[in-house]
Amino acid sequence: MAHFNLGDLKALVYARLENNQAMYQPSEVTWAINEAIACANLVCAWAQDTSTISGGTVPDRHIYDVPSNIIFPIRVTFAGQVLEKTALSTMANTIPSFYRDTSNTTGLQVSRWVPLGIGKFAIHPADSIGGAELKVTGISEFYRLTLDTDETWMPKEGVTAVCDYAAHIVQCKLQGTPFMQSLAFFNNYKTLMGLNKYWKSYTQPDLVIDTKSPTELN
């Protein structure tokens, strides 16, 4: 990971904007950089954190809240053991009774976790004793940059993606040729995200721009 401050990133974005600070105010560029970092982080999982569920497991409880500092849960551990991640559809098809199963009724230790959206998760079977350590690791948010001296970090290859996306975002207010030219930055961002994405099945939504004039459409 390489360290950069906001001033460094703004300079790289302005280099893509012909240093036009009259058209693109510093506040706009700062907002765009923070937005670009946040979007890229969701795809590439640069920032990760681990939090412990307060109080540990509750006897016979299946469903728990994902800690507030975690955006997407990636891994769950129970008493220091990594649980197997299993899709809700798989559990419903293979173990229809999983919401009733506990370590007491099955004689088995907690061995799986099931994502329920991005805000909750279930464990299987539920811990009948309770009080066991339950930790969640997942993607966390980056600290938002406000001052030019504020520092952040990301892989070196991520800097190009972030600056390209930010340069595109601030030009979305334009029309015609300037906006169409900015799409090259967005396309490069998509390519770089595809090469460095964390989620194997993730595909960046296509952006379709109708280049025909109103006369041609009629």
Side-chain angles (χ1 to χ4, degrees), residues 1-50 68-74 118 137-218:
M1 295 288 185
H3 285 76
F4 302 85
N5 62 35
L6 176 59
D8 297 330
L9 297 174
K10 285 169 67 176
L12 292 170
V13 174
Y14 272 120
R16 292 161 167 78
L17 301 172
E18 299 180 346
N19 202 33
N20 190 342
Q21 297 192 33
M23 177 68 75
Y24 310 105
Q25 297 294 313
S27 58
E28 289 181 89
V29 173
T30 296
W31 178 88
I33 289 171
N34 280 299
E35 185 72 5
I37 292 173
C39 290
N41 179 49
L42 292 179
V43 179
C44 298
W46 294 333
Q48 298 184 24
D49 199 2
T50 299
S68 59
N69 62 314
I70 302 294
I71 302 173
F72 288 127
I74 294 174
I118 61 174
T137 299
I139 298 176
S140 59
E141 291 194 47
F142 266 79
Y143 170 77
R144 293 192 69 83
L145 306 173
T146 56
L147 303 175
D148 285 355
T149 54
D150 287 347
E151 291 193 345
T152 190
W153 51 267
M154 67 187 75
K156 289 184 178 180
E157 60 271 18
V159 176
T160 298
V162 164
C163 293
D164 279 352
Y165 192 27
H168 166 67
I169 291 175
V170 295
Q171 295 183 79
C172 285
K173 64 183 179 181
L174 305 180
Q175 300 179 6
T177 300
F179 171 73
M180 295 302 296
Q181 290 176 339
S182 79
L183 292 178
F185 292 131
F186 179 72
N187 289 332
N188 194 47
Y189 162 81
K190 288 201 303 180
T191 299
L192 292 172
M193 290 297 95
L195 295 174
N196 297 281
K197 64 185 180 182
Y198 176 85
W199 310 103
K200 293 180 180 179
S201 60
Y202 174 81
T203 301
Q204 178 75 31
D206 288 330
L207 176 65
V208 179
I209 302 296
D210 193 340
T211 58
K212 293 182 179 180
S213 67
T215 303
E216 291 175 311
L217 290 174
N218 293 331

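- Put simply, the side chain of D49 never gets that close to the backbone of I70: no donor and acceptor are under 3.5 Å apart.
- Between K190 atom NZ and N188 atom CG the span is 11.0 Å, to the nearest 0.5 Å.
- Taken from CG in N41 to CZ in F142, the straight-line distance is 5.0 Å, to the nearest 0.5 Å.
- A search for salt bridge (Lys or Arg N to Asp or Glu O under 4.0 Å) contacts involving D150 returns nothing, not counting sequence neighbours.
- Checked by atom type and distance alone, the side chain of D164 never pairs as donor or acceptor with a backbone atom of Y189 at under 3.5 Å.
- Heavy atoms from other residues, nucleotides or ligands lying under 6.0 Å from CD of E141 number 12 at most.
- Counting only distance, with no hydrogens or angles, the side chain of S182 and the backbone of F179 share a donor-acceptor pair below 3.5 Å.
- When the options V13, I33, D8, V29 are evaluated for a side-chain contact (heavy atoms from CB on, under 4.5 Å) with C163, the one that passes is V13.
- The structure places NZ of K10 at 11.5 Å from CD of E28, a figure rounded to the nearest 0.5 Å.
- Note that CG of L145 is 7.0 Å distant from CG of L9, once rounded to the nearest 0.5 Å.
- Under a 3.5 Å cut-off, the side chain of Q25 and the backbone N or O of A22 do form a donor-acceptor pair.
- Under a 3.5 Å cut-off, the side chain of Y14 and the backbone N or O of Y24 do form a donor-acceptor pair.
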Worksheet item: Passes side-chain contact (heavy atoms from CB on, under 4.5 Å), M23 versus L17? Steps please.
Response: CA-CA 9 Å; M23 177 68 75; L17 301 172; over 6 Å; no

